[in-house]
Amino acid sequence: MFEIKIVYAGGKAESGSLSDIESKLKKGKALAIKVEGDLKDISMIGQLGDDTVLEAITFDSAEGKEIFRHSTSHIMAHAVKELFPEARLAIGPSTEEGFYYDFDLERTLTPEDLARIEERMSEIIKSNNRFGRKVMARKDAIELFKKAGENYKVELLNEITDEEVSLYEEDGFVDLCRGPHVPSTGVIRAFKLLSIAGAYWRGNEKNKMLQRIYGTAYDDKKGLNEYLTFLDEVKKRDHRKLGRELDLFSLNEDIGPGLILWHPNGAIIRRAIEDFWRDEHAKADYKLLFSPHIAKLDLWRTSGHWDFYRENMYSPMEIEEIEYELKPMNCPFHIQVYKSNLRSYRDLPVRYAELGTVYRYERSGVLHGLLRVRGFTQDDAHIFCREDQIEEEVVRVLDFTVFVLRTFGFDKYDIYLSTRPEKYVGSPENWERSTEALKHALELKGLSYSIDPGEGVFYGPKIDIKVKDSLNRAWQCSTIQVDFNNPERFDVGYRGSDGREHRPIMIHRALMGSLERFFGILVEHYAGAFPLWLAPVQTAVLTIAERHADYALNVAGRLRAEGIRVESDLANEKIGHKIREATIRKIRYSVIIGDKEVSEGLLSVRRRNGENLGSMAFEDFLGLIKADIKLRR
RNA sequence: GCCCAUGUAGCUCAGUCGGCAGAGCACAUCCUUGGUAAGGAUGAGGUCACCGGUUCGAUUCCGGUCAUGGGCUCCA
């Protein structure tokens, strides 16, 4: 008997004959199938042999989402072509969260156009057109698209090496596509077009700028709504918005783009982070140092930055006929400190750390709040060690990184190991050994990682750690880089046990990356409601009426004397108003002072979430607040 | 840097098809002294980003510059 077995992602399986397998797949919400590792359209089941085992691909899998959204992007292109026949099609892939399609179109698309396109898409979906697959000779396809004036498709076809290509058609709309696609347009239950942006053809700025429409699609309204709610939450947490509302920092047109003003509230948080950072580095046996903001240009020639990194550096300035340069990196300074003395193998490893402020020229279009700026402070360190010490040092750095990131509530990470790129310095053996050392270190710590082949810096392999924030977004912060190049360039050495000079290895590492960026990430991670040890205002003292002012000021004074950051609100306003203000300012504890508190000599304490802790003695409240601070919660 | 959009009060935003510029919040003063997320009244506050052009007249139209935002690319 002719039988086909269907396996679902969850492990569920069923079998059927060729005649009823299609309806079974449909019932199982399959979008496509996978046979022997190859993704295929459901319509291709006719070509399957007896006793085939096929995997049903549903929206739940990454592959399913990709197919689903890719199909939606075709529907969008279809709608755009109908509304704007002069549009030329470029590419329309799925992305992690949705899809996009690039169009070459004279007319500038507007948000109103998006609404029209959405409307037309809904109609196409309602018609439930079948996605039909057609295979044809590549040269025939070129003819076809040439005739249609689709020059971008022709360009793509000219680069494809296969002699046969596949096209997909749905109600007269034909597009070049590898597939597979969902069976018909009707399965797209929920979609939304999100934005219009410019994008270069093939991402190359030498090419023409196209118009890109971003959108997303889900197999039910619920999924889409959840995603839209997520986008909303992202907007609410935007550090630029919260930065203004909480008076944390600002950018200023008169000062310059990408240059940050830290306001008192932001500065308190930064100080708390820095104090923590310095204390912990001292404990971890790093030596802390400071270095200047400018140095002679020759230093950057020696380091190679002037050759390799010039486009990101500010222009040199001439002083007494010598060129000086604003520093884009801290490493040359640390190297000079290392070189200020003769070093023995007994001294290694030497660990230098600095909160070093650097300036890098970033193209104006990439600047973004605190996340991408031109002046920033790196939590930088350089470890000088012997090659056989790399692994142990990297293990220490990994432990340290995890500890620091955990302190800020980051418990989940994605770790990447980047290997040798095409352009590199040092011997392949060096690369091999240090890459292995990084691998061993990661494995020793039981940290799972992915390999980014060829993504290492030219001077050595590296480990990058991306933290996952409370919305599960990944942010690259920490980096650990092995460097064979700079010790060479600066002729760095140490006296070995054999009495001869040897070359140490340098490890560059940053845990938070840049304070500006890390701070921005923290604002979004905590949605502005910082744990108490970071909070600019740890408690607010609110009075019910004016006669309570003296008592309130006394309470605030005693808290301040205990090192608590406290503000009092004696304004002529109702208590509800004051509580609202404190809540909006994300102050965790409000102390309320009225007749009752004054007569009993107590405090009434309210948490920001509305929880009323009732009356308590000053000492009890102090204990509560100090416990939060100590536990960094 | 490039494409597109935006720039009006401290903030969020209306508005002027070219004719003395508006709201809410915030701020100030006064009234109210109120018990857990917005009490009331009055008032002050703007070279409509900047520079130039067209015009009797420009915040509005045109050109340029700067800044911000969404992307492309790059990265901490």
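Note on naming: letters A, B, ... go to the chains in the order of the sequence lines (proteins, then strands), and numbering restarts at 1 for each one.
Between the base of B/G1 and the side chain of A/Glu311 there is no donor-acceptor pair shorter than 3.5 Å. A/Arg372 contributes a side-chain N or O that forms a donor-acceptor pair with the base of B/C74 under 3.5 Å. On a pure distance criterion of 3.5 Å, no polar donor-acceptor pair joins the side chain of A/Ser590 and the base of B/U36. Interface remark: the A/Arg580 side chain does form a donor-acceptor pair with the B/A38 base, using a distance-only criterion of under 3.5 Å. Judged by atom type and distance alone, A/Glu245 does not reach the base of B/A26 through any side-chain donor-acceptor pair under 3.5 Å.
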Checklist line | Derivation and outcome, side chain to side chain contact (heavy atoms under 4.5 Å, CB included), residues A/Leu522 and A/Asp469 | finding: CA-CA 8 Å; A/Leu522 280 185; A/Asp469 73 3; over 6 Å; no
Next item on the list: Given side chain to side chain contact (heavy atoms under 4.5 Å, CB included), test A/Phe518 with A/Cys477 step by step and report yes or no.
Entry: CA-CA 7 Å; A/Phe518 193 72; A/Cys477 295; 3.9 Å; yes
Next item on the list: Go through the steps for A/Leu261 and A/Phe249 under the test side chain to side chain contact (heavy atoms under 4.5 Å, CB included), then give the verdict.
Entry: CA-CA 5 Å; A/Leu261 291 172; A/Phe249 70 93; over 6 Å; no
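For the C1' atoms, the distance from B/U59 to B/C20 is 12 Å, rounded to whole Å. With both ends at atom P, the span from B/G53 to B/A58 equals 11 Å, rounded to whole Å. Using P as the reference atom, B/U60 and B/C48 are 9 Å apart when rounded to the nearest Å. With both ends at atom C1', the span from B/A28 to B/C17 equals 39 Å, rounded to whole Å. On the P atoms, B/A21 is 23 Å away from B/C25, given to the nearest whole Å. Comparing the C1' positions of B/U8 and B/A49 gives an interatomic distance of 10 Å, to the nearest angstrom. Straight-line distance between the P atoms of B/G43 and B/G57: roughly 36 Å, to the nearest whole Å. Nucleotides B/G15 and B/G22 have their C1' atoms positioned 7 Å apart, rounded to a whole Å.
Side chains of A/Leu83 and A/Arg116 form a contact here, defined as non-hydrogen atoms less than 4.5 Å apart.
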Check: Taking only Watson-Crick and G-U wobble pairs with both distances under 3.5 Å, what dot-bracket line describes RNA chain B, where [ ] shows pairs that cross earlier ones and | shows pairs with another strand?
Finding: (((((((..((((.....[..)))).(((((.......))))).....(((((..]....))))))))))))....
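Residue ring and nucleobase are stacked for A/Phe376 and B/A76, with a centre distance beneath 5.5 angstrom and an angle between planes beneath 30°.
A close approach under 4.0 Å does not occur between any side-chain nitrogen or oxygen of A/Arg212 and OP1 or OP2 of B/C4. Contact annotation: A/Arg374 side-chain N/O to B/C74 OP1/OP2 distance is not under 4.0 Å. A sub-4.0 Å separation between OP1 or OP2 of B/G34 and a side-chain N or O of A/Arg547 is present. Contact annotation: A/Arg240 side-chain N/O to B/U68 OP1/OP2 distance is not under 4.0 Å. Between A/Tyr214 and B/C72 there is a side-chain polar atom (N or O) within less than 4.0 angstrom of OP1 or OP2. The phosphate of B/G1 has OP1 or OP2 within less than 4.0 Å of a side-chain N or O from A/Tyr361. Contact annotation: A/His577 side-chain N/O to B/G34 OP1/OP2 distance is not under 4.0 Å.
Scanning for ring pair (Phe, Tyr, Trp, His ring centres under 6.0 Å) contacts around A/His577 gives an empty result, with sequence neighbours left out. With sequence neighbours left out, the ring pair (Phe, Tyr, Trp, His ring centres under 6.0 Å) criterion links A/His281 to A/Trp277, A/Tyr286, A/Phe400.
A donor-acceptor contact closer than 3.5 angstrom links the side chains of A/Arg212 and A/Tyr214.
A cation-pi contact, defined as under 6.0 Å to the ring centre and within 45° of the axis, links A/Lys327 to A/Phe333.
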